[in-house]
Amino acid sequence: MQTVKAKTILQKTKGSEWFGYDYNMNLYKGCCHGCIYCDSRSECYHVDNFDTVRAKENCIEILRDELRRKVRSGIIGTGAMSDPYNPFEKEEKLTQNALMLINAYNFGTVAITKSALITRDKDIYAGIAEHSPVLCLMTVTTADDELCRLVEPNVSVSSERFEALAELSEEGLFTGITLMPVLPFLEDSEDNIIRIVRTAKECGVRTIYPDFGMTLRLNQREYYYQKLDSLFPGLSDKYKTRYGERYNCSVPNAERLYRLFADECDRAGILYKMKDIISAYKLGYGELQLSFFNQ
């Protein structure tokens, strides 16, 4: 596969608000999942040929050196700009090798993916969880596999993601869902949200973090509207009328949908507030370790 040069692999995060991790790790650049709504395709991220996946040269060696130099351990997040379990990962195994290093150097990890391939590494995640926090997150935006195939064409369908979450939960891992984006006029029905929460409960999922809307900017807006015109003729006009050139595009019934979502989560015992999620998956690792993670 294609490669790109890299000087570093770990980037220190500015704060721990986003799932409480301390470093961001991207072993790949670009993504071939083809999700029509992906904000990472936007110009501001300067990722040329976004739909082409490229591995970062010598990323495992660079990561090993960076981990070796860290005075204190922490939590490494992956999946922010490129999916760590893209189709090439099955053969390349960069994420798998990185997890082995994370385990060896006693770091924790937060992984966000849309691929059931994550279950391949469940034993490694379990090993990391013996000494450090682990959070395995799956992005799910719709409970309908047919709609999923349209808006996320090259990735595990929603039912496969739920099955993967169940498998990880059975391993004893702390699992969650990122329910974002919720696409206006496509995924913002009460039935969709209820089905996601109730299916998550059945799969042993501990947390769901939502965002009832999406973001649209510059070239990504044009790309998204082109896809809507192809898949859902006429729908882009509704977006243009309601949102214009807005960046944040909340679903029309966002407040009501959030209340419904929160009630369903409360009944299911599922956490949905970020501070509660962070506290829960880090629980039990000792005050000393927690002080290290929050540096």
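Because only heavy atoms are used, hydrogens play no part in the values below, and waters and symmetry mates are left out as well, while side chains stay in. The structure displayed is predicted, hence computed values, not measured ones.
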*Asks:* What is the distance from atom OG1 of Thr141 to atom CG of Asp188, rounded to the nearest 0.5 Å?
*Replies:* 11.5 Å

*Asks:* Could you check Tyr37 against Glu152 for side chain to side chain contact (heavy atoms under 4.5 Å, CB included), going step by step and ending with a plain yes or no?
*Replies:* CA-CA 9 Å; Tyr37 53 74; Glu152 303 164 332; 2.4 Å; yes

*Asks:* Is it the case that atom CD in Glu255 sees more than 12 heavy atoms from other parts of the structure closer than 6.0 Å?
*Replies:* no

*Asks:* Atom NZ in Lys29, atom OG1 in Thr52: separation rounded to 0.5 Å?
*Replies:* 12.0 Å

*Asks:* We want to know whether Gln96 and Asp121 form a side-chain donor-acceptor pair, criterion being a heavy-atom distance below 3.5 angstrom.
*Replies:* yes

*Asks:* Identify whether the distance between the nearest side-chain nitrogen and carboxylate oxygen of Arg221 and Glu245 falls below 4.0 Å.
*Replies:* yes

*Asks:* When rounded to the nearest 0.5 angstrom, what is the spacing between OH in Tyr21 and CG in Leu135?
*Replies:* 10.5 Å

*Asks:* Which pair of non-hydrogen atoms, one from Cys265 and one from Val197, has the smallest distance, and what is that distance?
*Replies:* N-CG1, 4.0 Å

*Asks:* Are the side chains of Leu10 and Leu67 in touch, meaning some heavy atoms are under 4.5 Å apart?
*Replies:* yes

*Asks:* Could you tell me whether a side-chain N or O of Gln220 sits under 3.5 Å from a main-chain N or O of Leu216, the two making a donor and an acceptor?
*Replies:* no

*Asks:* Evaluate Asn106 against Ser73 for side chain to side chain donor-acceptor pair (under 3.5 Å), listing each step before the verdict.
*Replies:* CA-CA 7 Å; Asn106 291 321; Ser73 61; over 6 Å; no

*Asks:* List the steps, then state whether side chain to side chain contact (heavy atoms under 4.5 Å, CB included) holds for Lys56 with Asn26.
*Replies:* CA-CA 8 Å; Lys56 293 187 177 179; Asn26 285 299; 3.9 Å; yes

*Asks:* Once the angle between the rings of Tyr125 and Tyr85 is folded into 0 to 90°, is it parallel (under 30°), tilted (30 to 60°) or perpendicular (over 60°)?
*Replies:* tilted

*Asks:* Hey, does Cys32 have a side-chain heavy atom less than 4.5 Å from the side chain of Asn154?
*Replies:* no

*Asks:* Evaluate the side chain to side chain contact (heavy atoms under 4.5 Å, CB included) criterion for residues Leu165 and Ile177: first the C-alpha distance (whole Å), next the side-chain angles of each, then the deciding distance (0.1 Å), finally the verdict.
*Replies:* CA-CA 9 Å; Leu165 285 165; Ile177 287 172; 3.7 Å; yes

*Asks:* Hey, what do you get for OG1 (Thr142) to CG (Leu186), rounding to the nearest 0.5 Å?
*Replies:* 9.0 Å

*Asks:* Start with the C-alpha gap between Ile112 and Thr178, add the side-chain angles, then the distance that decides, and say whether side chain to side chain contact (heavy atoms under 4.5 Å, CB included) holds.
*Replies:* CA-CA 8 Å; Ile112 306 175; Thr178 49; 4.1 Å; yes

*Asks:* Looking only at non-hydrogen atoms, find the nearest pair between Arg161 and Lys114 and report the distance.
*Replies:* NE-O, 3.4 Å

*Asks:* Mind checking whether Ile118 and Phe107 sit in one hydrophobic cluster, side chains of I, L, V, M, F, W, Y counted as touching below 4.5 Å?
*Replies:* yes

*Asks:* Is a donor on one side and an acceptor on the other found under 3.5 Å between the side chain of Glu66 and the backbone of Glu61?
*Replies:* no

*Asks:* Is there a path of hydrophobic side-chain contacts, each under 4.5 Å between heavy atoms of I/L/V/M/F/W/Y residues, joining Phe88 to Leu94?
*Replies:* yes

*Asks:* Please give me the minimum heavy-atom distance between Asp83 and Ser115, naming the atom from each residue.
*Replies:* OD2-N, 4.3 Å

*Asks:* With a cut-off of 6.0 Å (strictly less than), are more than 12 heavy atoms of other residues, nucleotides or ligands near NZ of Lys70?
*Replies:* yes

*Asks:* Can you find a heavy atom in the side chain of Met274 that is under 4.5 Å from one in the side chain of Glu17?
*Replies:* no

*Asks:* If every non-hydrogen atom of Gly176 is compared with every non-hydrogen atom of Val205, which pair is closest and at what distance?
*Replies:* CA-CG1, 3.8 Å

*Asks:* Spell out, as yes or no, whether a donor-acceptor pair under 3.5 Å connects the side chain of Asn248 to the backbone of Thr215.
*Replies:* no

*Asks:* Would you please name every residue forming a side-chain hydrogen bond (donor to acceptor under 3.5 Å, both in side chains) with Ser169, sequence neighbours left out?
*Replies:* Thr175

*Asks:* Are Pro252 and Arg242 close enough that some pair of their side-chain heavy atoms sits under 4.5 Å apart?
*Replies:* yes

*Asks:* Spell out, as yes or no, whether a donor-acceptor pair under 3.5 Å connects the side chain of Asn103 to the backbone of Leu99.
*Replies:* no

*Asks:* Do Ile277 and Arg206 come close enough that some side-chain heavy atom pair is under 4.5 Å?
*Replies:* no

*Asks:* Check step by step if side chain to side chain donor-acceptor pair (under 3.5 Å) holds for His33 and Asp51.
*Replies:* CA-CA 8 Å; His33 284 163; Asp51 294 284; over 6 Å; no

*Asks:* Have a look at Met214 and tell me which of Tyr224, Tyr243, Tyr247 forms a side chain to side chain contact (heavy atoms under 4.5 Å, CB included) with it.
*Replies:* Tyr224

*Asks:* Do Met81 and Val53 share a hydrophobic cluster (ILVMFWY, side-chain heavy atoms under 4.5 Å, transitive)?
*Replies:* no

*Asks:* Flag yes if Tyr258 and Ile193 sit in one hydrophobic cluster, no otherwise; membership is Ile, Leu, Val, Met, Phe, Trp, Tyr, and two members link when side-chain heavy atoms are under 4.5 Å apart.
*Replies:* yes

*Asks:* Compute the centroid of each ring, for Tyr209 and then for Tyr272, and state whether the two points are separated by less than 6.0 Å.
*Replies:* no

*Asks:* Donor-acceptor check, side chain of Asp22 to backbone of Ile75, threshold 3.5 angstrom: yes or no?
*Replies:* yes

*Asks:* What I want to check is whether the side chains of Asp229 and Ser236 have a donor and an acceptor closer together than 3.5 Å.
*Replies:* yes

*Asks:* State whether Glu89 and Arg120 are salt-bridged, where the test is any N-O pair (Lys NZ or Arg NE/NH1/NH2 against Asp/Glu carboxylate O) under 4.0 Å.
*Replies:* yes

*Asks:* Quick test of your reading of the model: are Arg195 and Asp144 salt-bridged, counting only N-O distances below 4.0 Å?
*Replies:* no

*Asks:* Has Lys240 got a side-chain atom pairing as donor or acceptor with Leu235's backbone, closer than 3.5 angstrom?
*Replies:* no

*Asks:* How long is the gap from OG on Ser250 to CG on Leu257, to the nearest 0.5 Å?
*Replies:* 11.0 Å

*Asks:* If we only count heavy atoms from C-beta on, is the Asp123 to Glu171 side-chain gap below 4.5 Å?
*Replies:* yes

*Asks:* Answer yes or no: is there a donor N or O on one side and an acceptor on the other, between the side chain of Ser279 and the main chain of Asp276, under 3.5 Å?
*Replies:* no

*Asks:* Mind listing the closest non-hydrogen atom pair of Cys136 and Leu168 along with its distance?
*Replies:* CB-CD1, 4.0 Å

*Asks:* Output the distance between atom CD1 (Ile128) and atom OG1 (Thr109), rounded to the nearest 0.5 Å.
*Replies:* 5.5 Å

*Asks:* Is it true that a side-chain atom of Glu160 and a backbone atom of Val157 form a donor plus acceptor pair closer than 3.5 Å?
*Replies:* yes

*Asks:* Starting from Val182, can I reach Met138 by hopping between I/L/V/M/F/W/Y residues whose side chains sit under 4.5 Å apart?
*Replies:* yes

*Asks:* Of all heavy-atom pairs between Tyr28 and Ala55, which one has the smallest distance, and what is that distance?
*Replies:* CD2-CA, 4.0 Å

*Asks:* Please answer whether the main-chain N or O of Leu271 pairs with a side-chain N or O of Thr207 as donor and acceptor at a distance below 3.5 Å.
*Replies:* yes

*Asks:* Could you tell me whether the side chain of Tyr23 reaches within less than 4.5 Å of the side chain of Ile9, counting heavy atoms only?
*Replies:* no

*Asks:* Applying ring-ring contact (aromatic ring centres under 6.0 Å, His included), run through Phe185 and Tyr239 and close with a yes or a no.
*Replies:* CA-CA 9 Å; Phe185 313 117; Tyr239 276 79; 5.5 Å; yes

*Asks:* Counting only heavy atoms from other residues, nucleotides and ligands, does the tally under 6.0 Å from NZ of Lys273 exceed 12?
*Replies:* no

*Asks:* With a 4.5 Å heavy-atom cut-off, do Ile196 and Asn192 have their side chains touching?
*Replies:* yes

